[in-house]
Amino acid sequence: MSIITVKNLRKSFGKVEVLKDINAAVKEKEVVCVIGPSGSGKSTFLRCLNRLEEISGGEVVINGHDITDSKININKVRQEVGMVFQQFNLFPHKSVLENITMGPIKILGTEKAEAEKLAIELLGKVGLREKASSYPGELSGGQKQRVAIARALAMNPKIMLFDEPTSALDPEMVGDVLEVMKQLAKEGMTMVVVTHEMGFAREVGDRVIFMDGGYIVEENIPNELFSNPQHERTKAFLSKVL
Amino acid sequence: MDIISAALPILLKGLQVTLYIFVIAIILGFLIGLVVALLRLAPIKILNWIAKIYVDAIRGTPFIVQLFFIYFGVNSLHIVSLNSTTAGIITVAINAGAYFAEIIRAGIQSIDKGQTEAARSIGFTASQTMRYVVLPQAFRRMLPTITNQSIISLKDTSLLSVIGIADLTQQGQIQASATFEAFKIWLAVGVIYFIIIYLLTILANFIERRIQLR
Ligand SMILES: Nc1ncnc2c1ncn2[C@@H]1O[C@H](COP(=O)(O)OP(=O)(O)OP(=O)(O)O)[C@@H](O)[C@H]1O
Ligand SMILES: [Mg+2]
């Protein structure tokens, strides 16, 4: 059983079709990495999975919910799907602790004390327990991203989506964030990761999807895709990034 | 000096009226501004239009005309009967509301789209996102402009004297003609306005510092 099923997904911005007939499935506990050149539609694809982008056509089923159905309560589905952004998007007017507890308290109705206990636990997990009372503006990029991961995890999601989580980081910060993601994968989180980190895709990914021009050109287990790409476009891309 | 000390209690009574009208009108105006800003940004065309027409109508006409329209115009229809104080409060509120609407709209739009996306991705509804994430940040940015508009509105209240409201300006007028000491009386009135506006500015700066992002 797939926890994410995408059938004939199309997405247009105005007249420009950015996703053209995307078909994909992600199994529970699977880590799928999405790679491809800039502008190929990776972010758009990811953002269709929690309907941050309105879907133009096709079907997207997330943990049993058909999110293309206009009657569905998308806010409920989003609680099950965490998302981590390239630009972190922490709430600058809230402390680190509040960033993490806000969702559970306001959405799930968790008691404040309990939400804070969970937040501290999650901060420990991402190695930032001592930053609970700091504000986002006082953190480095790598720390911000780890807080963003903790914030997403606080909703106890079934799926985590990552959109180039390390692309905005100084090189020395990348490792810490990838380490947290690896740990998460190890614990059995279902993850879809758009990334330029080929090392991470190879090491942690169960499967790699290569996108180009709004299509999924090729997908395979990492070793196969990296060492034995089938399509010219995949070869061309890999020769540039590897 | 005797003139001033004799007139001062009366001027301060006028000041009370000015402040009473100002405080109520500015709170109402702010609420109007918030609602209109949200209508302006709502994903429904007709609401955007209504909000835009309101804002443009207020910005495109003089305050005094708005005042006469509400006090004389609306009253002449004999549907409602507004006393001068009510008409004054309504006019200042409606006037400030249009400017606040533009300030709040700009403030909301200045907040990075990523903030909204992050909140929505967690599962916040559109209105929760507005309330917990966008507006608190927007207000911090808007505070200086909100203060500015509030000061303008406070000064606008002095025009209410023309419909017979016994505000600070009106009391000044009465005292000036009663005492034949126009210079001293108007100087005193000016100083009182100045002090109030100065205190308002200090209050705004204090709030601004309190809520400043770290
Ligand atoms: N909101 C939008 N409005 C119009 N066009 C958009 C919008 N968002 C994305 N696009 C276009 O859709 C295409 C795919 O964009 P997308 O961001 O999904 O690419 P990507 O693969 O994530 O690229 P990158 O590696 O640079 O992040 C691009 O051509 C982009 O210009
Ligand atoms: Mg992208």
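For the numbers below, each heavy atom of this structure counts, side chains included, while hydrogens, waters and symmetry mates do not. Per chain, numbering begins at 1; letters A, B, ... match sequence-line order.
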Please report the shortest heavy-atom distance between [X] and [Y], naming the atom on each side.
{"X": "B:G123", "Y": "A:Q79", "value": "CA-CG, 4.2 Å"}
{"X": "A:F91", "Y": "B:A118", "value": "CE2-CB, 4.1 Å"}
{"X": "A:H93", "Y": "B:V133", "value": "CE1-O, 3.7 Å"}

Side chain to side chain, B:E117 and A:R47, heavy atoms closer than 4.5 Å: yes
Interface moiety of A:K94 toward chain B, non-hydrogen atoms closer than 4.5 Å: side chain
Verdict with reasoning, A:R78 to B:I122, per side-chain contact (heavy atoms from CB on, under 4.5 Å): CA-CA 6 Å; A:R78 284 179 181 149; B:I122 291 170; over 6 Å; no
Step-by-step side-chain contact (heavy atoms from CB on, under 4.5 Å) determination, A:N89 to B:D112: CA-CA 9 Å; A:N89 296 339; B:D112 185 63; 4.0 Å; yes
When you look at [atom1] of [X], are more than 12 heavy atoms from neighbouring residues, nucleotides or ligands closer to it than 6.0 Å?
{"X": "B:Y198", "atom1": "OH", "answer": "no"}
{"X": "B:F72", "atom1": "CZ", "answer": "yes"}
{"X": "A:E130", "atom1": "CD", "answer": "yes"}
{"X": "B:I46", "atom1": "CD1", "answer": "no"}

Any donor-acceptor N or O pair under 3.5 Å, side chains B:R120, A:N75: yes
Name the option with the most non-hydrogen atom pairs under 4.5 Å to chain B; the candidates are [options].
{"options": "A:L90, A:V81, A:V84", "answer": "A:L90"}
{"options": "A:I107, A:N50, A:N73", "answer": "A:I107"}
{"options": "A:R151, A:Q87, A:E80", "answer": "A:R151"}

Atom group of B:A119 that falls short of 4.5 Å from chain A, counting heavy atoms: both
Over-ring placement of A:K106 relative to B:Y132, 6.0 Å and 45° cut-offs: yes
